[in-house]
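The structure appears below as structure tokens.
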Amino acid sequence: MKKHEDFFQNVFDVVRLIPKGRVTNYGAIAKYLGSARSSRMVGWAMNAAHSQKDVPAHRVVNRNGELTGKIHFATPFLMQELLEKEGIKVLKDKIKDFQKYYWDPMKELEL
DNA sequence: AGCTTGACTTTGA
DNA sequence: GTCAAAGCCAAGC
């Protein structure tokens with residue numbers, strides 16, 4: 001009965017592939033899956049990611065580099081702490097030099 | 001069965 | 001630069 005659950009699994013897989021100290025945004029993952037406009041589904045998938053333990057959702061932020069999803073974490077501070085732990089500076093729930101840490105699955109994986 | 005909400009993005013004004 | 005609206009697909013009610 002596996003039909004469309006691949007979307008979630010695919011998201012988890014990509015997120016898991018994000019190198020340490022790097023971050024990406026929902027649109028990139030969504031685009032990698034096919035539709036950049038379905039970025040909402042990525043977030044929805046992340047919601048299910050709570051069931052997955054090896055899904056570093058803290059490395060996934062919105063296009064603006066803001067930790068929008070932190071509110072869905074166990075604690076809002078967890079996401080920022082995890083990011084800082086990887087060497088990423090977070091200022092006001094926003095990633096410093098987001099573009100520098102930005103990791104695009106399409107560019108990095110497509111290579 | 002249908003409508004609303006949602007960890008978003010993009011385009012237009 | 002900001003603000004508003006449309007688009008997208010799935011889960012929840």
Side-chain angles (χ1 to χ4, degrees):
Chain A
M1 25 232 165
K2 302 173 169 217
K3 290 180 184 184
H4 43 265
E5 62 178 75
D6 298 301
F7 196 98
F8 281 38
Q9 200 60 36
N10 204 343
V11 173
F12 302 149
D13 193 33
V14 175
V15 174
R16 262 177 240 164
L17 288 174
I18 299 175
K20 185 183 159 205
R22 287 288 181 79
V23 290
T24 187
N25 59 316
Y26 304 94
I29 299 174
K31 201 160 201 170
Y32 186 74
L33 300 181
S35 305
R37 290 266 165 72
S38 15
S39 29
R40 282 180 171 149
M41 308 302 72
V42 179
W44 224 208
M46 289 280 103
N47 222 339
H50 270 262
S51 298
Q52 319 285 319
K53 50 182 187 149
D54 285 326
V55 179
H58 61 273
R59 291 182 189 151
V60 184
V61 296
N62 69 345
R63 184 196 183 288
N64 207 18
E66 299 176 85
L67 283 55
T68 52
K70 72 170 200 171
I71 61 179
H72 286 274
F73 271 73
T75 60
F77 306 94
L78 182 62
M79 190 174 187
Q80 181 170 335
E81 291 224 357
L82 287 170
L83 288 172
E84 289 186 330
K85 219 170 266 194
E86 300 192 350
I88 299 175
K89 309 290 199 288
V90 178
L91 301 177
K92 299 245 170 52
D93 300 344
K94 287 196 284 293
I95 296 179
K96 188 174 183 284
D97 301 323
F98 171 61
Q99 217 168 39
K100 187 168 83 170
Y101 296 112
Y102 182 55
W103 179 85
D104 193 337
M106 260 199 158
K107 288 187 164 186
E108 306 295 328
L109 297 179
E110 272 271 317
L111 246 287

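Just so we're on the same page: letters track the sequence lines, and every chain starts at 1. Given the structure is predicted, the values throughout are model-derived calculations rather than measurements. Side-chain atoms are counted along with the backbone in the values below, which use heavy atoms only and exclude waters and symmetry mates.
- A salt bridge is absent between A:D97 and A:K89: the closest approach of a Lys/Arg side-chain nitrogen to an acidic carboxylate oxygen does not fall below 4.0 angstrom.
- Rounded to a whole Å, the CG atom of A:N10 is 15 Å from the C1' atom of C:dC9.
- Taking the charged nitrogens against the carboxylate oxygens, A:E86 and A:R22 have no contact shorter than 4.0 Å, which rules out a salt bridge.
- Within the 4.0 Å cut-off from OP1 or OP2 of B:dT10, at least one side-chain nitrogen or oxygen of A:R63 is found.
- Here A:N47 lies in heavy-atom contact (under 4.0 Å) with a base.
- Between the C1' atom of C:dA11 and the CE atom of A:M46 lies a distance of 16 Å, rounded to the nearest Å.
- Distance A:F8 CZ to C:dC9 P: 14 Å, rounded to the nearest Å.
- Side-chain N/O atoms of A:N25 and A:Y102 include a donor and acceptor closer than 3.5 Å.
- Across all strands, A:H58 comes closer than 4.0 Å to no nucleic acid atom at all (heavy-atom distances).
- Rounded to whole Å, atom C1' of C:dG7 lies 14 Å from atom NZ of A:K31.
- Contact annotation for A:T68: backbone-only contact, meaning every heavy-atom pair under 4.0 Å involves sugar-phosphate atoms and none involves a base.
- Within 4.0 Å (heavy atoms only), A:A30 reaches no atom of the nucleic acid at all.
- Note: CZ (A:R37) to C1' (C:dG7) measures 6 Å, nearest angstrom.
- The side chain of A:M41 lies closest to C:dA10, out of B:dA7, B:dT9, C:dA10.
- Taking atom CG of residue A:L33 and atom C1' of nucleotide B:dT9, one finds them 14 Å apart after rounding to whole Å.
- Rounded to whole angstrom, the span from the CZ atom of A:R59 across to the P atom of B:dA7 amounts to 22 Å.
- Of the candidate nucleotides C:dA10, B:dA7, B:dT10, C:dA10 has the atom lying nearest to any side-chain atom of A:W44.
- A donor-acceptor contact closer than 3.5 angstrom is absent between the side chains of A:Q80 and A:H58.
- The base-pairing partner of C:dG7, taking Watson-Crick or G-U wobble contacts with both distances under 3.5 Å, is B:dC8.
- Atom CD1 of A:I71 is separated from atom C1' of B:dA7 by 7 Å (rounded to the nearest Å).
- Judged purely by atom type and a 3.5 angstrom limit, A:R59 uses its side chain to pair as donor or acceptor with the backbone of A:I18.
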